[in-house]
Amino acid sequence: MTLPTNPLPARLAAAWQALRGAPVRDPGDPRVRIAALELDVQARDAELERVRGEYARLGGQAERDRAGAAAVGVGDLARHLAPLLSQLATMQALAAGGREVRMQDMLKLFGKVESVLAGAGLVRIGTVGEQVPFDTRLHQRLSGADVADDAAVAVRFVGYRLGETILLKALVSRAGAPAEAQDAI
């Protein structure tokens with residue numbers, strides 16, 4: 001009576017011999033080829049897992065780098081705005097204490113704030129009173145009838161964009177229409 005044999009050790013031994021370049025008794029033996037293919041699959045699976053791990057690590061690192069860069073950008077912007085916000089807080093305290101704050105000083109301070117933000121990429125859309133062709137990407141009409149694309153409109157309130165992102169559309173009305181928006185100021 002013979003005991004059943006486990007073909008896996010024999011296949012692995014034959015595959016190992018084949019990988020080492022040792023002569024194999026029968027290179028056409030399907031067991032040798034199967035064992036060699038199993039080793040190839042295991043090696044490729046291990047390589048695939050290594051690449052997946054590396055990809056996950058790099059993805060996490062890229063996300064951390066992006067968050068760090070954003071924090072640095074916000075911190076830099078805050079450093080530039082802090083002195084201006086300090087001046088604004090002082091003006092607010094003076095006004096609350098009954099002292100007169102000149103509008104000219106407030107507008108000058110606003111210009112400085114806008115200049116710092118422009119350095120960070122914030123761009124105005126339009127100038128109050130400017131007549132421009134209507135563009136639905138940049139403009140929003142205040143009220144009244146529909147305005148066709150490229151029809152002349154007057155900017156009533158400026159808008160802002162940051163790079164290609166529109167943060168606030170400029171509010172416009174038909175050119176020649178009464179400036180009802182100016183009454184709202």
Side-chain angles (χ1 to χ4, degrees), residues 6-22 24 27 29-93 105-128 130 132-141 149-150 153 155-172:
N6 185 353
L8 183 60
R11 289 191 326 218
L12 290 176
W16 176 249
Q17 287 177 356
L19 289 174
R20 287 188 330 176
V24 178
D29 184 1
R31 291 177 297 181
V32 172
R33 291 177 43 204
I34 290 172
L37 290 173
E38 286 175 348
L39 288 175
D40 283 348
V41 167
Q42 289 174 0
R44 288 186 183 160
D45 285 349
E47 178 66 13
L48 182 60
E49 284 304 311
R50 186 194 65 75
V51 169
R52 282 181 180 157
E54 182 71 10
Y55 181 77
R57 186 186 66 75
L58 290 174
Q61 180 180 346
E63 187 60 36
R64 287 188 299 277
D65 290 349
R66 223 180 343 265
V72 167
V74 169
D76 189 45
L77 183 60
R79 272 190 293 288
H80 284 89
L81 285 174
L84 302 174
L85 294 174
S86 175
Q87 291 176 24
L88 181 62
T90 301
M91 289 179 179
Q92 185 180 21
D105 293 337
M106 290 294 294
L107 293 175
K108 187 176 179 181
L109 180 60
F110 174 75
K112 290 178 183 179
V113 168
E114 192 175 44
S115 176
V116 167
L117 293 173
L122 188 72
V123 178
R124 267 190 192 186
I125 299 174
T127 305
V128 174
E130 176 184 28
V132 295
F134 183 71
D135 182 346
T136 56
R137 292 175 297 125
L138 304 174
H139 306 126
Q140 179 177 337
R141 60 185 175 84
D149 280 349
D150 295 327
V153 293
V155 176
R156 302 299 180 199
F157 293 92
V158 298
Y160 287 95
R161 65 185 171 104
L162 185 60
E164 296 300 315
T165 304
I166 304 298
L167 302 174
L168 177 68
K169 290 183 176 185
L171 296 177
V172 298

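Both backbone and side-chain heavy atoms feed into the values below; hydrogens, waters and symmetry mates do not. The structure displayed is predicted, hence computed values, not measured ones.
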Colleague: Would you call R50 and E47 a salt bridge, taking side-chain N to carboxylate O under 4.0 Å as the test?
Modeller: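 So R50 pairs with E47 through a salt bridge.
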
Colleague: Any side-chain to backbone donor/acceptor pair from S115 onto G111? Under 3.5 Å, distance only.
Modeller: no

Colleague: Are L167 and L122 packed together at the side-chain level, in the sense that at least one heavy-atom pair is separated by less than 4.5 angstrom?
Modeller: yes

Colleague: Quick one: CD on E164 to CZ on R137, what's the gap to the nearest 0.5 Å?
Modeller: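 With rounding to 0.5 Å, CD (E164) is 9.0 Å from CZ (R137).
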
Colleague: Please walk me through it: do V41 and E38 pass side-chain contact (heavy atoms from CB on, under 4.5 Å)?
Modeller: CA-CA 5 Å; V41 167; E38 286 175 348; 5.7 Å; no

Colleague: From L85 CG over to L109 CG, what is the distance, rounded to the nearest 0.5 angstrom?
Modeller: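 Rounded to the nearest 0.5 Å, the CG-CG separation comes to 8.0 Å.
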
Colleague: Nearest 0.5 Å, please: how far is CZ in R52 from CG in D45?
Modeller: 8.5 Å

Colleague: Between R124 and F110, which heavy-atom pair has the shortest distance, and what is it?
Modeller: NH2-CE2, 4.1 Å

Colleague: Roughly how far apart are L39 CG and I34 CD1, rounded to 0.5 Å?
Modeller: 12.5 Å

Colleague: Tell me if a side-chain donor or acceptor on R161 pairs with a main-chain N or O of G163 at a distance below 3.5 Å.
Modeller: yes

Colleague: Looking at every heavy atom in both R79 and P83, which two are closest together, and how far apart are they?
Modeller: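 Scanning both residues completely, I find the closest heavy atoms to be O-CD, 3.3 Å.
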
Colleague: Among I166, L171, V158, whose side-chain contact (heavy atoms from CB on, under 4.5 Å) with I125 holds?
Modeller: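 Considering I166, L171, V158, a side-chain contact (heavy atoms from CB on, under 4.5 Å) with I125 is found only for I166.
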
Colleague: Using a cut-off of 6.0 Å, state whether more than 12 heavy atoms not belonging to Q92 lie near its atom CD.
Modeller: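 No, because the 6.0 Å sphere around CD of Q92 holds 12 heavy atoms or fewer from other groups.
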
Colleague: Can you tell me how far the NZ atom of K112 sits from the CD atom of Q87, to the nearest 0.5 Å?
Modeller: 5.0 Å

Colleague: List the atom of V155, the atom of G126, and the distance in Å for their closest heavy-atom pair.
Modeller: CG2-CA, 4.3 Å

Colleague: Counting distance only, does the side-chain N/O of K169 pair as donor-acceptor with the main-chain N or O of T136 below 3.5 Å?
Modeller: yes

Colleague: Tell me the closest heavy-atom pair linking F134 and H139, and the distance in Å.
Modeller: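 Taking F134 first and H139 second, the nearest heavy atoms are CE1-CB, 3.6 Å.
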
Colleague: Do the non-hydrogen side-chain atoms of H80 and L117 ever get within less than 4.5 Å of each other?
Modeller: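 SC-SC contact between H80 and L117 ruled out.
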
Colleague: Between R64 and G60 (side chain of the first, backbone of the second, donor and acceptor by atom type, cut-off under 3.5 Å), is there such a pair?
Modeller: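 At least one qualifying donor-acceptor pair exists.
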
Colleague: Which pair of non-hydrogen atoms, one from A120 and one from L77, has the smallest distance, and what is that distance?
Modeller: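 Taking A120 first and L77 second, the nearest heavy atoms are CB-CD1, 4.0 Å.
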
